[in-house]
Amino acid sequence: MKTVLILHTGGTISMKEDTTGAVKPDGRNPLADTAPSLKNLATIISEEIFYLPSPHMTPKDMLIISNRIKEKIDEDNSIDGVVITHGTDTLEETAYFLDLTLDIDVPVVLTGAMRSSNEIGSDGLYNLISAIRVATSEKARQKGVLVVMNDEIHTAKNVTKTHTSNVATFQSPQYGPIGMVTKTDVTFHHTPNHLDVYSISDVSKNVLLLKAYAGMDEQIFNAIQTIPIDGLVIEALGQGNLPPTTVPAITHLIQKGIPIVLVSRCFNGIAQDVYGYEGGGKQLKDLGVIFSNGLNGQKARLKLLVALETTHDHDKLQYLFNQ
């Protein structure tokens with residue numbers, strides 16, 4: 001019998017729907033009492049580290065989760081896997097943060113629910129059972145942090161929430177899941193080819209995220225220069241282009257030493273320095289904008305937050321974002 005550490009952090013999976021139809025925390029996480037019913041799957045060590053709706057989750061909270069996992073693994077070498085229950089709104093961000101900051105040899109799996117614990121068709125307990133099965137699978141080792149929802153296994157790097165309410169909301173655009181959970185087995189058909197891990201003790205930087213749109217000009221860029229920022233991520237148009245009126249302000253930010261990372265607002269493909277017109281990707285790359293290899297905006301922001309704790313060197317940052 002394998003041993004699994006379950007860290008509960010809150011979210012819909014831990015909430016209830018009241019008589020008015022509002023879903024909210026109910027004073028006690030209903031999953032806190034499920035450990036005995038899971039004893040046929042594994043020996044369960046259960047801990048409620050937070051009881052937060054996922055929009056309340058911050059990078060500092062994510063670092064607490066990362067450090068707690070390391071502490072528990074160091075204290076108890078019998079732990080074979082880790083499961084984290086989490087709200088779905090920011091689940092992909094916590095998963096990716098953990099992927100960037102954990103260097104351990106046991107599977108780490110995040111799961112959640114789209115329906116609260118007392119709704120008809122609640123998916124929380126089923127997803128938790130699936131996550132435990134993946135966390136106890138030898139085949140889940142050396143694959144980075146995983147997200148298990150709706151019988152699918154996704155990498156933290158590629159998965160994203162694609163629907164506001166559908167139980168099949170978590171998808172990995174362009175790549176798909178790397179495995180599946182069946183009634184009898186846990187199966188993988190892909191393996192990540194690179195795991196990027198950083199050793200950090202704090203997340204102290206202020207990194208903003210902007211989304212480009214038709215007619216965007218310098219106003220928002222000028223506004224953010226009035227506050228102390230350490231980095232900026234822009235979800236650019238198409239292959240990595242911006243309206244020409246943004247270029248002078250972007251140039252000024254780069255000259256001030258603010259690293260700017262570019263991703264595409266498209267959910268398939270990667271940003272590239274292809275177009276040579278004003279505001280095109282080639283001009284932006286020549287100015288010193290850092291192009292990311294396929295991350296979405298929220299994950300690129302987390303990677304820049306983490307990377308800036310280790311380096312401010314432009315070439316090193318560009319290399320890290322090409323991984």
Side-chain angles (χ1 to χ4, degrees), residues 1-9 11-13 31 34-47 65-66 69 72-73 76-88 91-92 94-99 102-115 121-162 166-195 197:
M1 182 71 71
K2 293 195 173 184
T3 300
V4 173
L5 169 67
I6 302 179
L7 296 179
H8 299 295
T9 70
T12 298
I13 193 170
L31 292 177
T34 60
S37 65
L38 304 172
K39 63 183 180 181
N40 62 316
L41 297 172
T43 300
I44 304 296
I45 302 171
S46 182
E47 182 176 319
I65 298 170
S66 180
I69 292 171
K72 294 293 287 187
I73 296 293
D76 186 350
N77 60 14
S78 71
I79 294 174
D80 299 294
V82 179
V83 171
I84 300 156
T85 63
H86 197 289
T88 59
L91 185 149
E92 67 187 87
T94 296
Y96 187 56
F97 184 94
L98 296 177
D99 199 51
L102 285 175
D103 187 13
I104 59 176
D105 191 36
V106 302
V108 176
V109 180
L110 278 82
T111 194
M114 295 302 294
R115 297 172 182 152
S122 174
D123 52 330
L125 184 57
Y126 184 87
N127 284 337
L128 177 58
I129 290 170
S130 296
I132 293 170
R133 291 179 60 200
V134 174
T136 56
S137 171
E138 288 296 317
K139 292 178 282 188
R141 291 179 179 269
Q142 305 299 321
K143 290 183 172 61
V145 174
L146 301 171
V147 172
V148 172
M149 298 277 290
N150 203 39
D151 285 335
E152 293 183 339
I153 308 169
H154 296 264
T155 65
K157 182 177 181 179
N158 294 325
V159 74
T160 192
K161 188 175 181 178
T162 65
N166 195 304
V167 294
T169 180
F170 281 93
Q171 305 291 328
S172 294
Q174 190 164 240
Y175 303 103
I178 66 167
M180 66 181 72
V181 182
T182 69
K183 288 186 178 297
T184 59
D185 200 8
V186 172
T187 303
F188 289 90
H189 47 76
H190 289 97
T191 297
N193 60 10
H194 179 80
L195 299 176
V197 180

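The residues of the chain are indexed from 1 along the displayed sequence. Here the structure is a predicted model, which is why all the values come from computation and not from measurement.
- Among residues at least two apart or in separate chains, there is no salt bridge (charged side-chain N to carboxylate O under 4.0 Å, His left out) pair with a member in residues 170-182.
- One N or O on the side chain of Asp80 and one on the backbone of Thr3 form a donor-acceptor pair closer than 3.5 Å.
- Every residue two or more places apart in sequence or in another chain that forms a side chain to side chain donor-acceptor pair (under 3.5 Å) with Thr88 is listed here: Lys161.
- Taking 4.5 Å as the limit, some side-chain heavy atom of Leu98 sits within range of a side-chain heavy atom of Ser66.
- For the pair Ile153/Val109, no side-chain contact is recorded, criterion being any heavy-atom separation below 4.5 Å from C-beta on.
- Here the shortest heavy-atom pairing between Thr184 and Arg133 reads C-NH2, 3.5 Å.
- Nearest heavy-atom pair across Asn127 and Gly112 is ND2-O, 3.0 Å.
- Put simply, the side chain of Leu128 reaches to within 4.5 Å of the side chain of Ile6, judged on heavy atoms.
- Considering only residues two or more places apart in sequence or on other chains, Thr111 meets the side chain to side chain donor-acceptor pair (under 3.5 Å) condition with none of them.
- Separation of atoms OG1 (Thr169) and CD (Glu92) is listed at 9.0 Å; rounding is to 0.5 Å.
- We find the CG-OG1 distance between Asn193 and Thr191 to be 9.5 Å, quoted to the nearest 0.5 Å.
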#### Entry: CA sep, side-chain torsions, deciding dist, call: Val4, Thr136, side chain to side chain contact (heavy atoms under 4.5 Å, CB included)
CA-CA 7 Å; Val4 173; Thr136 56; 3.3 Å; yes
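- Distance check, rounded to the nearest 0.5 Å: NE2 of His154 to CE of Met180 gives 10.5 Å.
- What you find for Val159 and Val147 is that their closest heavy atoms are CG1-CG2, 3.8 Å.
- The two residues Val145 and Asp99 make their nearest non-hydrogen contact at N-OD1, 2.8 Å.
- Every side chain to side chain donor-acceptor pair (under 3.5 Å) that Ser78 has, sequence neighbours left out, goes to Asp76.
- Screening residues 166-179 for salt bridge (charged side-chain N to carboxylate O under 4.0 Å, His left out) gives no qualifying pairs among residues at least two apart or on separate chains.
- Note that OG1 of Thr43 is 11.5 Å distant from CG of Leu38, once rounded to the nearest 0.5 Å.
- For Val167 against Asn150, the heavy-atom pair with the smallest separation is O-CB, 3.7 Å.
- Residues passing the salt bridge (Lys or Arg N to Asp or Glu O under 4.0 Å) test with Lys143, sequence neighbours excluded: none.
- With sequence neighbours excluded, no residue forms a side chain to side chain donor-acceptor pair (under 3.5 Å) with Asn166.
- Among residues at least two apart or in separate chains, there is no salt bridge (charged side-chain N to carboxylate O under 4.0 Å, His left out) pair with a member in residues 147-156.
- Side chain of Thr162 to backbone of Phe170: no donor-acceptor contact under 3.5 angstrom is found.
- For Ala113, the side-chain contact (heavy atoms from CB on, under 4.5 Å) criterion is met by Ile13, Asp123, not counting sequence neighbours.
- Asp105 pairs by the side-chain contact (heavy atoms from CB on, under 4.5 Å) definition with Arg141, Gln142, not counting sequence neighbours.
- The minimum heavy-atom distance linking Ala95 with Leu110 is given by the pair N-CD2, 3.8 Å.
- Judged as a side-chain contact (heavy atoms from CB on, under 4.5 Å), and not counting sequence neighbours, the contacts of Lys139 are Ser137, Asp185, Phe188.
- Looking only at side-chain heavy atoms (C-beta outward), Val134 and Pro107 stay at 4.5 Å or farther from each other.
- Residue Ile84 holds its CD1 atom at 3.5 Å from CD1 of Ile69, rounded to the nearest 0.5 Å.
- Within the structure, salt bridge (charged side-chain N to carboxylate O under 4.0 Å, His left out) pairs that include any residue of residues 173-184 do not occur (at least two apart or interchain).
- To the nearest 0.5 Å, atom CD1 of residue Ile73 and atom CD1 of residue Ile104 are 5.0 Å apart.
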